[in-house]
Number of protein chains: 2
Amino acid sequence: MSAKPRIERAALEVFAAHGVDGATTKLIAARAEVSEGAIYRHWKSKDELAIGLFMAAHKRLSDLIEAEAGAVHGVAAKAAALVKAYCTAADEDWTLFSFHLLQLHHFLPYYQDDGRDPVTLVEMIIKYAMMKMELPPGDPRVVAAMAIGVITQTAQNKAYGRLGDDALSAHAPLMTAAVLAVLKAR
Amino acid sequence: MSAKPRIERAALEVFAAHGVDGATTKLIAARAEVSEGAIYRHWKSKDELAIGLFMAAHKRLSDLIEAEAGAVHGVAAKAAALVKAYCTAADEDWTLFSFHLLQLHHFLPYYQDDGRDPVTLVEMIIKYAMMKMELPPGDPRVVAAMAIGVITQTAQNKAYGRLGDDALSAHAPLMTAAVLAVLKAR
DNA sequence: CACTTGCAAGTAAATGCTCACATACCGCCA
DNA sequence: TGGCGGTATGTGAGCATTTACTTGCAAGTG
């Protein structure tokens with residue numbers, strides 16, 4: 001079996017557990033049952049490996065949000081779509097998702113803001129809904145942050161082991177109601 | 001002027017910017033305009049320094065939540081108190097607060113759960129309110145996470161520079177309404 | 001053969017931390 | 001008051017270890 005996917009999995013787990021700076025190439029190699037040199041056959045540096053994994057998660061989540069939210073109309077449906085996007089990403093690869101969640105701030109300097117990150121996407125949805133009077137007025141940046149916070153903090157607490165082993169989607173109905181309530185609250 | 005407080009400030013800034021593992025003792029010393037050795041006159045290790053700072057922030061926030069929420073009655077007032085506690089902590093020392101916010105997961109293994117962390121405190125408030133039928137039933141762990149997420153994600157986006165330079169408390173009314181909406185939503 | 005993938009041993013640089021030494025501070029008693 | 005000793009504080013060169021990464025070689029593949 002090829003080493004590359006094994007290294008990716010191992011790196012993901014180690015990065016999620018120890019952070020990018022706390023992770024060592026030795027640990028990653030050991031976990032993948034591969035020599036350290038093997039890593040450098042496929043990536044130029046530890047950081048390139050980390051960035052690649054992070055961007056994959058980032059893109060996956062952004063794509064899901066765009067697809068789910070773009071397919072429906074009305075605030076309630078958009079809220080449900082947002083929750084569904086996060087839950088799908090979390091359920092289909094929890095390690096990748098939690099790595100993205102917990103290490104976000106490490107990579108902020110890297111990703112160019114092409115407006116395709118989750119926060120900006122949600123901001124735009126909210127702005128549009130406010131224009132159409134489907135939502136009461138208010139700073140869209142703050143409203144977006146609060147709505148996303150409902151989901152991400154729940155996911156974080158799950159990552160911290162405070163919510164048991166249920167999939168994130170087990171809490172989707174509750175989160176959907178809460179996101180919608182946040183959007184409408186003022 | 002004594003070096004200890006200067007080191008604490010410098011460490012806080014460097015930890016917040018680079019993370020605990022990414023921060024070097026050399027950088028901290030340089031920023032504090034102090035020799036590296038001076039750090040070790042006051043702390044046994046870099047980690048001890050980091051843990052000390054983190055715990056100070058952790059305790060401050062927990063104390064504020066306990067005090068503010070303990071002084072009022074009713075769900076609406078408790079929600080306002082929670083927001084006020086976070087805003088006070090953030091406004092009185094933003095560097096300390098954002099360090100605590102962004103590096104939380106690094107210190108999770110350390111703090112013994114004596115039930116005095118912010119999440120547990122909020123969970124207990126919610127449980128009690130549900131018992132008294134002031135809130136609709138639901139998993140208190142998830143409801144607490146969602147309510148806190150409204151505040152922490154807003155703070156995180158501010159830390160990421162997405163909300164301008166206003167104090168966190170500038171958004172307190174909006175956050176209070178949102179937290180209350182989350183608590184009641186189902 | 002050409003090319004990719006993997007290994008084991010190694011390298012230079014960096015990191016956290018120490019230690020011998022210097023200086024500032026402070027109570028104490030003549 | 002002023003000199004004295006003990007302690008707390010700060011220095012910076014230096015140490016052992018760890019780190020990311022490299023390199024020469026071998027085996028698999030087509």
Side-chain angles (χ1 to χ4, degrees), chain A residues 1-57 95-96 99-100 102-103 105-111, chain B residues 1-57 95-96 99-100 102-103 105-111:
Chain A
M1 193 192 326
S2 158
K4 191 171 176 184
R6 287 219 314 279
I7 294 172
E8 282 175 330
R9 272 286 110 189
L12 216 44
E13 291 163 14
V14 176
F15 285 148
H18 299 90
V20 176
D21 289 316
T24 67
T25 50
K26 269 202 206 326
L27 225 174
I28 294 170
R31 194 173 193 108
E33 294 179 294
V34 152
S35 77
E36 256 187 287
I39 296 173
Y40 293 90
R41 284 285 171 209
H42 301 280
W43 293 275
K44 280 204 270 190
S45 67
K46 186 181 87 165
D47 276 316
E48 198 194 84
L49 168 57
I51 291 172
L53 292 169
F54 178 83
M55 286 305 173
T95 312
L96 183 62
F99 162 65
H100 178 263
L102 298 175
Q103 305 300 327
H105 58 286
H106 187 93
F107 297 96
L108 273 185
Y110 290 96
Y111 66 77
Chain B
M1 196 191 325
S2 157
K4 192 171 176 185
R6 286 220 314 280
I7 294 172
E8 282 175 330
R9 273 286 111 190
L12 216 43
E13 291 163 14
V14 176
F15 285 148
H18 299 90
V20 176
D21 289 316
T24 67
T25 50
K26 277 204 201 328
L27 223 175
I28 294 170
R31 194 173 193 110
E33 293 180 295
V34 151
S35 77
E36 255 187 288
I39 296 173
Y40 293 89
R41 286 285 170 209
H42 301 280
W43 293 274
K44 281 204 269 189
S45 67
K46 186 182 86 163
D47 277 314
E48 198 194 82
L49 168 56
I51 291 172
L53 292 168
F54 178 83
M55 285 305 171
T95 312
L96 183 63
F99 162 65
H100 178 263
L102 298 175
Q103 305 299 327
H105 59 285
H106 186 95
F107 297 96
L108 273 186
Y110 290 96
Y111 67 76

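No experiment lies behind these values; they were computed from the predicted model shown. Just so it is clear: chains get the letters A, B, ... in the order the sequence lines come, proteins before strands, and each one is counted from 1.
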Atom pair distance, as rounded to whole Å: [atom1] in [X] and [atom2] in [N]:
X     : N      : atom1 : atom2 : value
B/R41 : C/dC21 : CZ    : P     : 14 Å
B/R6  : D/dG10 : CZ    : C1'   : 10 Å
A/I39 : D/dT19 : CD1   : P     : 13 Å
A/W43 : C/dT5  : CH2   : P     : 11 Å
B/K4  : D/dA8  : NZ    : C1'   : 12 Å
B/L49 : C/dC17 : CG    : P     : 10 Å
B/K44 : C/dT18 : NZ    : P     : 10 Å
B/I7  : D/dT9  : CD1   : P     : 11 Å

Does B/H42 have a side-chain nitrogen or oxygen under 4.0 Å from the phosphate oxygens OP1 or OP2 of D/dA8?
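For D/dA8, neither OP1 nor OP2 has a side-chain N or O of B/H42 closer than 4.0 Å.
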Please confirm whether the shortest side-chain N or O distance from B/Y40 to OP1 or OP2 of C/dC17 is below 4.0 Å.
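Yes, because at least one side-chain N or O of B/Y40 sits under 4.0 Å from OP1 or OP2 of C/dC17.
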From C/dG16, D/dC21, D/dG10, nucleotide with atom closest to A/K46 side chain
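Closest nucleotide to the A/K46 side chain: D/dC21.
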Which nucleotide in the set D/dG10, D/dA20, C/dG6 lies at the smallest distance from any side-chain heavy atom of A/E36?
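It is D/dA20.
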Expected output is a numbered-order residue list: members of residues 9-30 of chain B with a heavy atom under 4.0 Å from any atom of DNA chain C. What is it?
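Within this stretch, B/A23, B/T24, B/T25 sit under 4.0 Å of the strand.
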Using atom types as modelled and distance alone, determine if a side-chain donor or acceptor of A/K46 lies under 3.5 Å from a backbone N or O of A/A23.
yes
State, to 0.1 Å, how close A/A16 and A/L102 come at their nearest heavy-atom pair, and which atoms those are.
O-CD1, 4.3 Å
Measure across B/A50 and B/F99 and return the closest heavy-atom pair with its distance rounded to 0.1 Å.
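Where B/A50 meets B/F99 most closely, the heavy atoms are O-CZ, 4.0 Å.
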Name the orientation class of the two ring planes belonging to A/F54 and A/H100 (parallel below 30°, tilted from 30 to 60°, perpendicular beyond 60°).
parallel
On DNA chain D, nearest-nucleotide positions of A/S45 versus B/V34: which is more 5'?
B/V34
From A/D47, A/V14, A/L53, residue fulfilling side chain to side chain contact (heavy atoms under 4.5 Å, CB included) relative to A/V20
A/D47
Around atom CD of B/E48, are there more than 12 heavy atoms of other residues, nucleotides or ligands at under 6.0 Å?
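More than 12 within 6.0 Å, yes.
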Listed once per pair and sorted, the side chain to side chain donor-acceptor pair (under 3.5 Å) pairs that draw on residues 8-23 of chain B, sequence neighbours left out:
B/R9-B/D93, B/E13-B/R31
